[in-house]
Amino acid sequence: MKGKLPVFDFEPCVSCSVCVLACPFSCITLSVNGVDALKNLYPKVDASGCTGCGICEKACPMGAIRMDGNA
Amino acid sequence: MVSCMGSILEVDLTSGEIKKTKVPDEIYYNVLSGKGLGAWYCLKNIPAGADPLGPDNILGITSGALTGTGALFCGRWTVVGKSPLTGGWGDSNCGGMFAPAIKQCGVDAIFFRGVSEKPVYLYMDNRTCELRDASAYWGLDATEAEKRLTEDSQKGKKLPRVAVIGQAGENRSCIAGICNDGGRIAARSGLGGVMGSKRLKAVVLAGSLPIRSAQPERVKELSSVMGRKIKRMLVPPVSGAMLPMVGRMMGLPVSFPMDGAMSGMLLKKWGTPMNQALAVVSGDAPLKNWSGGPKDVPGANKEFNPDKILAMETAKYHCYSCPMGCGGMLDTGKVPGMEYDETHKPEYETMNQFGPLLVNNSLDSIFIINELLNRAGMDTISAGATVAFAIECFEVGILTKADTDGLELTWGNTQAIIALVKKMIAREGFGDVLADGSRIAARRIGKGSERLAMQVGGSELPAHDSKNDGHLVTHYAAEPAPGKHTVAMDLMYNAMSLCDICSWAPPAKLRNKKENLEPTETVALATAANACYTMMMDGAGGCYYGEMMGVHTFKLIEYLNAAAGWGRSGDDYMEIGKRVQTMRQLFNVKQGIDPASVKLPGRALGYPSLRSGPLKGVKAPYAKEQVSLHWKVMGWDGETGVPAPETVEALGINALLEMEVGA
Amino acid sequence: MIRVKVFTPFGLPNKKLDERGWMELPEGATFGKAAAGLGMPGPVAKICMLRLNGEALPFNTPLKDSDVISCVVFIRGG
């Protein structure tokens, strides 16, 4: 049974890609543009690949991920 | 060490044997990981007299002690081995996304020895580790090869991460590097040529093993505070056109302590290209093969206005675990003559080495050359300096069009420069003469051309004038991998506040820059402390820009203690730095390098001095004495640069070298 | 007492700082009090673009031990 999806809070997020590399299924990409004026990219999850394991939430150094999203 | 994997991979490319071996914990305790682990392994295992391009050389690919723990600014991987460029210790450092992938495969480093009969690549994931046929990828540029290897190797969900050589490495160029992420490159020391000599095309890693730390919540706390600070840091409203004015202020002969965290502002907005607009007028940038002043490069400030690059940026690029994001991707679809629609934002080094160093006033050509060299996997610092050498040889009549395949190698001849770069990549015609750097080229050309090669110990000088930053007079020559600006400099020392973590590091003070060109104990203690601290950063997997943030923002000691579960002092960690530096120097001695023979060329010391600009008349007359004092602070012989036996013993190096890796 | 690290404009020496650039203040001292003590009352501090831990915080912000007070200065990189 799938768990919850990660929800990314862009406010504390520093676009560091730690979640991208932590994900065992490589279903997070840094692909959201247009969030800030500097054109930093922010994370997005591919829901079809996500198992809800929560490794990304644990790995995030900024506390910017919560496993709260609905699949 | 909790935050390390405790093992390395040893690959014999001749026999095909692959072993995963445990590293005694005492090694990590004494040298950390990354460059330190590499220094220990290479010093122990590369025999004296090894041919850098032969089977006895070892190529090491290492990750850092903090990589993957949640520490920010810790996504650097370091390549180590014997350099074909210098004949001594070689290392280069790179960002992108590759560093954590090493540890996610369960090892801290991978060491390759031998030579494969046929082109191969190493593939590794959680369960598999094998050498695979790379003949389908041999001949492809690094970016194309990476793309194809990623597609062909992804069997599970985890996206493989790839380190790969391009044509330059395959051609065993002594200025070739190793690439990843479509344009990041571990460029210096010619270690890409070593990889090519082993017929090793790539390392493809698709592991997902966890990386631990002793106190993960504390690591996160440190990251959270620093990340927030950097995120909230705003650039005052300065346009790129105003930077030359700021550069003029920086050209004043004052050196003073500053909060390194401020370096984030300009880098967040523009990345390193902002330095080009500052450096031409401040004296930082060497111009016209180190012979010119700002008047020799008219129009450079306007042409290299970083706002032009910003306007082409489609997105920022952050290396793994970096909160700042000095990189970027550029849309180059409208650049005339550009074959590719996209390139990684060129670094300042690339811009100056192919721009004002060659009196080349074409920003468009920089994009073209940047992508050519990123794909070929060739070091832009060395390549640019070698082209500068060739141009000056042509200008003074040492070379003629008969030598240069008809190329008119004059200052600022953009088309000739681009054509020459392509020839160097392909080792075609005159390009073959230059493809191994300026020292070897000068030997091939003869006719007294060596005086025009701006290199030290074989390694081309980067885009920072040692007369402007006097600590570089020491570091360019004294650093075991010579000619590097990333070990230390006065600017960095001013920004870091090392005195607050190291009892013997002198506090930076307001002073005349000329004091850095004098052989004083204060300067020597600062240069030694900075170099030792950088070794720690490189052992942790840390980035130069994280280091420059200073100890109050980037809390390396606290990070290491939290990740490892240690309670060590700053002085204790600085001893690790000293140990690693000493091991690297011992490597040079073992390989027959005479440290006292590694000397800067005259122009780098003001002989002759520049006739105009902020460095007009500036000389560095005490280079030998500065290096000697630096060596003494390191506990090495002041005349020969050889580490003293009592220093080697006190640092426990002999005992470490007796330790073996185990099954 | 608390100690804060100070980077003065252009590293100019200041009698309130020890050799390594640290300033001692009573517990509860504010950013503004520190700035004034350094000879940089409000308006001067604003001109110097004085920052607390890298941020333009209000001058009534209470200081903590090991806080960093600095001026905006452009540092280049390479």
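Lettering follows sequence order; numbering is per chain, from 1.
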Distance-only, no hydrogens or angles: does the B:K268 side chain make a donor-acceptor pair with backbone N or O of A:L38 under 3.5 Å?
no
Sort B:T314 into side chain, backbone, both or neither according to what part of it lies under 4.5 angstrom from a heavy atom of chain A.
backbone
If we only count heavy atoms from C-beta on, is the A:M62 to B:L72 side-chain gap below 4.5 Å?
yes
So for A:N33, is it side chain, backbone, both, or neither that comes closer than 4.5 Å to the heavy atoms of chain B?
side chain
Is chain A contacted by the side chain of B:Q104, its backbone, both, or neither, given a heavy-atom distance below 4.5 Å?
side chain
Heavy-atom distances under 4.5 Å only: say whether A:A22 touches chain B with side chain, backbone, both or neither.
backbone
Hey, what do you get for CE (B:M329) to NZ (A:K39), rounding to the nearest 0.5 Å?
13.0 Å
For chain B, find which of A:C27, A:G63, A:S26 contributes the most heavy-atom pairs closer than 4.5 angstrom.
A:S26
Non-hydrogen atoms of B:K231 and A:Y42 that approach each other most closely:
NZ-OH, 3.2 Å
Sub-4.5 Å side-chain heavy-atom contact between B:M97 and A:S17:
yes
pair B:H318-A:C16: side-chain heavy atoms closer than 4.5 Å
no
Most heavy-atom pairs under 4.5 angstrom with chain A, which of B:G70, B:S321, B:S208, B:G325?
B:S321
Heavy-atom distance under 4.5 Å to chain A: side chain of B:R232, backbone, both or neither?
neither
Nearest-0.5 Å distance that lies between atom NZ in B:K157 and atom SG in A:C23
10.0 Å
